[in-house]
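Okay, so here's the structure we're looking at.
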2 protein chains.
Amino acid sequence: MIENDDFDLQNFLPYLLNQAAEESSLAFQQIYKNKYGMLRTEWRVLFHLGAFGEMTASSIVTRAHIHKTKISRAVQKLVEKRFVTRERSEDDRRQELLRLTPAGIAAYRDLREIAENYDRTLEAKFTQGEVALLRVMLRRLGERG
Amino acid sequence: MIENDDFDLQNFLPYLLNQAAEESSLAFQQIYKNKYGMLRTEWRVLFHLGAFGEMTASSIVTRAHIHKTKISRAVQKLVEKRFVTRERSEDDRRQELLRLTPAGIAAYRDLREIAENYDRTLEAKFTQGEVALLRVMLRRLGERG
DNA sequence: TGGTAATAGTTGTTTTTGTAACTAACAAGG
DNA sequence: CCTTGTTAGTTACAAAAACAACTATTACCA
């Protein structure tokens, strides 16, 4: 302890957020890794396409704040796994439209159900009102700026 | 959108936690990186030693849930930077006692103050009661198991 | 004791990530 | 049109992380 040190690392919000994020990701991470050999970014891309439908890589970049090189590599892997197809856009031939294949949809549905169940086990630690407030606060903290 | 898909990725707690954790770490990360050339794990080790005093590597592993190889390499870097010294324990010669040097203490104090200020800017987004609840919830979510 | 298991910490190798530089396509002003 | 700038996405190389195997020391217990 460095003299009268009233700083508590366990109260520092970025630290608490990181610990909570890592711990809460752990169980789910094992599942998509073992079952589908996916990394975190691949899972995120899959879920964006599942939840929002056809998207371009850059719209995922914007929405999820993931760097475009990570997206690029994740898409490659998902294409190799036959979970995603890409098609060059007619309007703007720089863009590629990404879509889930039937296999991708199946994987998404499977993981989505697991995610929903897992989310419920996390929610069960708190009251409904607390969870609602937590989501509001996390969204605010996650905003750019 | 895949049929009547009521799953909202933006409500999935591990996702929200990750977004908030990454965003909230960003600003502070730049500071310890640019000012002291530290990585995240080095910063964490420094703060553990600053806040809790003399510790062994494995006690940091236990407390922070960081893998021992990451700790090992972070300690090496901190020793190279002359921020930390290590001394083999008399009781158990497998263990090394880690301590901050005066330079390490100075860096810790500097970063601690920046951390405190930064934390206050995050807190300012909410009421005091909300922040208190947030901390309780994050601690609960960050617990092992 | 002595042999097996467990713990503290390190090192080597393979994956992933970060950063920068690149190609290709479009946009917009002169 | 044509030069300059911007956007979409990829690739190459360097940095960091994950994972497994290793040494050294201590603990357990038959």
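If you're wondering where the values come from, they're calculated on a predicted model, not measured in any experiment. Lettering of chains follows the sequences in order, A, B, ..., and the numbering in each one begins at 1.
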[atom1] of [X] versus [atom2] of [N]: gap in Å, rounded?
{"X": "B:Gln95", "N": "C:dG9", "atom1": "CD", "atom2": "C1'", "value": "10 Å"}
{"X": "A:Ile71", "N": "D:dG9", "atom1": "CD1", "atom2": "P", "value": "10 Å"}
{"X": "B:Arg94", "N": "C:dT10", "atom1": "CZ", "atom2": "P", "value": "14 Å"}
{"X": "A:Ile66", "N": "D:dG9", "atom1": "CD1", "atom2": "P", "value": "14 Å"}
{"X": "A:Glu22", "N": "D:dA17", "atom1": "CD", "atom2": "P", "value": "11 Å"}

Check: Can a donor-acceptor pair be found between the side chains of A:Thr69 and A:Ser72 at a distance below 3.5 Å?
Finding: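 Looking only at side-chain atoms, A:Ser72 and A:Thr69 do not form any donor-acceptor pair under 3.5 Å.
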Note to self: Quick check: on DNA chain C, is the nucleotide nearest A:Arg73 upstream (toward 5') of the one nearest A:Asp92, or the reverse? Name the residue that is more 5'.
What the structure shows: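 By nearest-heavy-atom nucleotide position, the 5'-most residue is A:Arg73.
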Notebook entry, point to check: Pick the nucleotide of DNA chain C nearest each of A:Arg88 and A:Lys77; which residue has the one closer to the 5' end?
Noted result: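 Its nearest nucleotide being more 5', the pick is A:Lys77.
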Note to self: With a 4.0 Å limit, can you tell me whether B:Lys33 has a side-chain N or O closer than that to the phosphate oxygens OP1/OP2 of C:dT19?
What the structure shows: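 It does, given that an N or O in the side chain of B:Lys33 lies less than 4.0 Å from OP1 or OP2 of C:dT19.
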Check: At under 4.0 Å, does any side-chain N or O of A:Ser72 touch on OP1 or OP2 of D:dG9?
Finding: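 Answer is no, no contact under 4.0 Å.
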Margin query: Here's a test of your reading of the structure: between B:Ser89 and B:Thr41, which maps to the more 5' nucleotide of DNA chain D?
Written below: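 Whichever sits nearer the 5' end wins; that is B:Thr41.
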Checklist line | Along DNA chain D (nearest heavy atom to each residue), the more 5'-positioned of A:Leu97 and B:Thr69 | finding: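 Upstream on the strand: A:Leu97.
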Note to self: Testing B:Phe52, B:Tyr108, B:Tyr32 one by one against B:Phe47 for a ring-ring contact (aromatic ring centres under 6.0 Å, His included), which residue passes?
What the structure shows: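 Only match with B:Phe47 under ring-ring contact (aromatic ring centres under 6.0 Å, His included): B:Tyr108.
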Next item on the list: Measure distances between side-chain N and O atoms of A:Arg86 and base N and O atoms of D:dG9, and say whether any donor-acceptor pair falls under 3.5 Å.
Entry: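 No, no donor-acceptor pair under 3.5 Å.
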Next item on the list: Check if the side chain of B:Arg40 and the base of C:dG18 share a donor-acceptor pair of N or O atoms closer than 3.5 Å.
Entry: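 Per atom types, no contact qualifies.
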Next item on the list: Sequence neighbours left out, what passes ring pair (Phe, Tyr, Trp, His ring centres under 6.0 Å) with B:Phe126? Give chain and number order.
Entry: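 With sequence neighbours excluded, B:Phe126 shows a ring pair (Phe, Tyr, Trp, His ring centres under 6.0 Å) to no residue whatsoever.
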Notebook entry, point to check: Taking the inter-plane angle between the rings of B:Phe28 and B:Tyr118 on a 0 to 90° scale, is it parallel (under 30°), tilted (30 to 60°) or perpendicular (over 60°)?
Noted result: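 Parallel.
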Next item on the list: Nearest 0.5 Å please: distance from the CZ atom of B:Arg93 over to the CZ atom of B:Arg88.
Entry: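 Answer rounded to 0.5 Å: 9.0 Å.
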Next item on the list: Would you indicate what A:His67 reaches in the nucleic acid, counting non-hydrogen atoms under 4.0 angstrom: base, sugar-phosphate, or nothing?
Entry: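 Base contact.
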